2 protein chains.
Amino acid sequence: MPGPGRARAARRPTLEQVAAEAGVSRGTVSRVVNGSLEVSAKTLRLVQDAIDKLGYVPNQAARSLVTRRTDTVLLVVSESEARVFTEPFLGGLVRGLSQELATTPLQLNLMMASTARQHERVEQLVRHGHVDGVALISLHGDDPLPRNLAAAGAPVVVNGRPVIEIPGVPYVDADNLAGARAATEYLYRQGRRRIATITGPQDMCAGIDRLAGFRAALKGRRGVTRLVAQGDFGQADGERAMRELLAEDPRLDAVFAASDLMAAGALRALRAAGRGVPDDVAVVGFDDSDVARNTDPALTSVRQPVQQMGRELARLLISRISRPDQELAPVILPTELLCRESA
Amino acid sequence: MPGPGRARAARRPTLEQVAAEAGVSRGTVSRVVNGSLEVSAKTLRLVQDAIDKLGYVPNQAARSLVTRRTDTVLLVVSESEARVFTEPFLGGLVRGLSQELATTPLQLNLMMASTARQHERVEQLVRHGHVDGVALISLHGDDPLPRNLAAAGAPVVVNGRPVIEIPGVPYVDADNLAGARAATEYLYRQGRRRIATITGPQDMCAGIDRLAGFRAALKGRRGVTRLVAQGDFGQADGERAMRELLAEDPRLDAVFAASDLMAAGALRALRAAGRGVPDDVAVVGFDDSDVARNTDPALTSVRQPVQQMGRELARLLISRISRPDQELAPVILPTELLCRESA
DNA sequence: TTGAAAGCGCTAACAC
DNA sequence: GTGTTAGCGCTTTCAA
């Protein structure tokens, strides 16, 4: 049986055939293909021509078998639960990764890993050497996956600062702290003095850092009332949190929400409570998502350079693969406050 | 040189070692691993034990080399320009694909392919047999990629009905026509009689079919004014289109937009024009994206079962790979109208 | 600078 | 049923 139903096109030319065509040995062709410098100019030409003529492309499996490299990296989207991304995120990240990897022979493998079973599958894959490296995104703080993978000796990079730094696992992240601080300072400079924040989950660094940024912006300022409500990054929870804040301090005049979705929820709660935005209460979100542009009023929001984050993630991973014992510093990319109507 | 800086863990056990441990031949172990039935129960046990004891996992490269299978499928995200997905889409699709592939030995490779150069790279990859099959999403109608790939003999499936049916390339799609019809009928049943639509690009089937659905809903109805404006699925263009419609017929009382983003844009234009929604003008979108839940008023919208579309895409591709000459019918999945505040 | 040759780990055809 | 064996296409010493 020729395998389960494969009907592949005519067999592709092999090194052997190229060698015959060029009148040299297999070894020499291999050297040319792999860019070895120890080949005479004449031979090089000869082989190149043969390659072009035959349309030769190396067989990846054969190469892998001997090099023990797979030329594949794995992107693990480690969502716990049904939590989804707000728009620009997954797409932007993948686009960046893709772009950067296109300059290398590396392929991008993708796996969703929400369940424990899927996590295990990822570990298997990596342990068994099916990939050269792994990039993890959307981790919760306590996820043991990156540590395990790194312990298994695999090159690992993560998107988003881990709650506890993991030795040997570099990360790329937006400057959440600075972004949140900028947003909060913007509110303060508008003269707002009863400022609330709706935080993200405090087991994720994005949540932690954005709260820290809020605090930092207001640190040492006198005459400012600070309010904090916990959220889960989702819209419904943002709405609930806003209601609670309003109950706690009906006179609050500004809110920084750690995500656009929560900010959108807050907007609903504020409207329901009869508060005008931005006149009575100014609102700032985080992410600069599609949602931000389409609420009423449109959300002022903090933008993260998502695509560039993907690029840096790829770069980090590539370094890690090629020089596993080199120390790699985290990459923190700047954020930007985009002012729209809500603040 | 042991390859560029690899420092892989201790070499994994091979078939050979398992065979030695179990006291059988390599061939027998291979049969067990590949689930051949022609193995005695006793031998089976013996081999299984040896596998477990050694923690044996087949070497994919070696296997690939002889079977000429890669056990990899490629997902090509073929965006022209900077067009992005509205939220649930990419993530949902990938989640579905991922889920379904998890039941097979197939890996999911991802490539963004916006530029011509990238398209070429995809063709290369496929032609050179680096993947067993290809799923394409986000195609414009005139994209030659699926046809080329299919012509090269690769199993290909696409998401979204191609404008011109491609022989041998099955597709999965949401029932755009029925969805659009339901939305439009809903408006009609509310008593609206001057009904507009903002279409998607007419070189994409989603755009074409949603317009067709609009037309079908109103077909044969008397006393209904129909208005059509072209959009590009984006928000800004939705806003522009709405302004034009308003200029064309200031008394229009309903709009069906072929995307939530355009509907959101329409909402802005309507507000600017002083029209109340839904009282003066009812608005329905398409996609049930994050945006729909967060506009003011929240958008009534048509939901597509994105994750299931991903699953079906995977199923189709798997069939195509295992039985290349079997005819496969397209899969059309039902949509659902979600009523919120805007209509 | 080049050629020869030894595998990498596995499957599948064939023989027993 | 099971063992034997011939490759799959490539990289990489080792010699020349």
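Since the structure is predicted, the reported quantities are computational estimates derived from the model, not experimental observations. The figures here come from the full heavy-atom set of this structure, side chains too, leaving out hydrogens, waters and symmetry mates. Within every chain, numbering begins at 1; the chains are lettered A, B, ... in the order of the sequence lines, protein sequences first and strands thereafter.
Of all heavy-atom pairs spanning T70(A) and S64(A), the tightest one is CA-OG, 3.5 Å.
Ion pairing between E312(A) and R315(A) holds under the 4.0 Å rule for side-chain N and carboxylate O.
We find that CG of L65(B) is positioned 13 Å from C1' of dA12(C), with the value rounded to whole Å. Rounded to an integer number of Å, the gap from CD of E16(B) to C1' of dG9(C) is 9 Å. In this structure, H130(B) atom NE2 and dG9(D) atom C1' are separated by 13 Å, rounded to whole Å. Separating the CZ atom of R68(A) from the P atom of dC10(D) is a distance of 18 Å, rounded to the nearest angstrom. Going from atom CG of N59(A) over to atom P of dC8(C) covers 18 Å, rounded to whole Å. For R69(B) and dA12(C), the CZ to C1' distance is 12 Å, given to the nearest whole Å. The interatomic distance linking Q60(B) (CD) with dC8(C) (P) rounds to 19 Å, in whole Å. Between R63(B) atom CZ and dG9(D) atom P there is a gap of 18 Å when expressed in whole angstrom units.
The shortest distance between side-chain heavy atoms of R45(B) and V39(B) does not fall below 4.5 Å.
The one candidate from L74(B), V156(B), L313(B), L75(B) that meets the side-chain contact (heavy atoms from CB on, under 4.5 Å) condition with L136(B) is V156(B).
Within the 4.0 angstrom heavy-atom criterion, no nucleotide atom of any strand lies near S64(A).
Between D143(A) and S78(A), the side chains place a donor N or O and an acceptor N or O closer than 3.5 Å (distance only, hydrogens not considered). Residues N109(B) and T72(B) bring no donor and acceptor atom of their side chains to less than 3.5 Å of each other. D71(A) and Q107(A) form no side-chain donor-acceptor contact under 3.5 Å, judged by distance and modelled atom types alone.
DNA chain D is contacted by R26(A), G27(A), S30(A), R31(A), N34(A) of residues 24-35 of chain A, taking any non-hydrogen atom closer than 4.0 Å. For the segment residues 47-56 of chain A, the set of residues with a heavy atom within less than 4.0 Å of an atom of DNA chain D comprises Y56(A), in numerical order.
Here the side chain of L15(B) is nearest to one of dG9(D), dC10(C), dG1(D), namely dC10(C).
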For salt bridge (charged side-chain N to carboxylate O under 4.0 Å, His left out), just list the numbers for K53(A) and D49(A), CA-CA rounded to whole Å, side-chain angles, deciding distance to a tenth of an Å, and then say yes or no. CA-CA 6 Å; K53(A) 178 169 174 197; D49(A) 289 349; over 6 Å; no

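OP1 or OP2 of dC8(C) has not a single side-chain nitrogen or oxygen of T14(B) nearer than 4.0 Å. For the pair T43(B) and dT2(D), the criterion of a side-chain N or O lying under 4.0 Å from OP1 or OP2 is met.
The 12-atom threshold is exceeded at CD of Q326(B), counting heavy atoms of other residues, nucleotides or ligands nearer than 6.0 Å.
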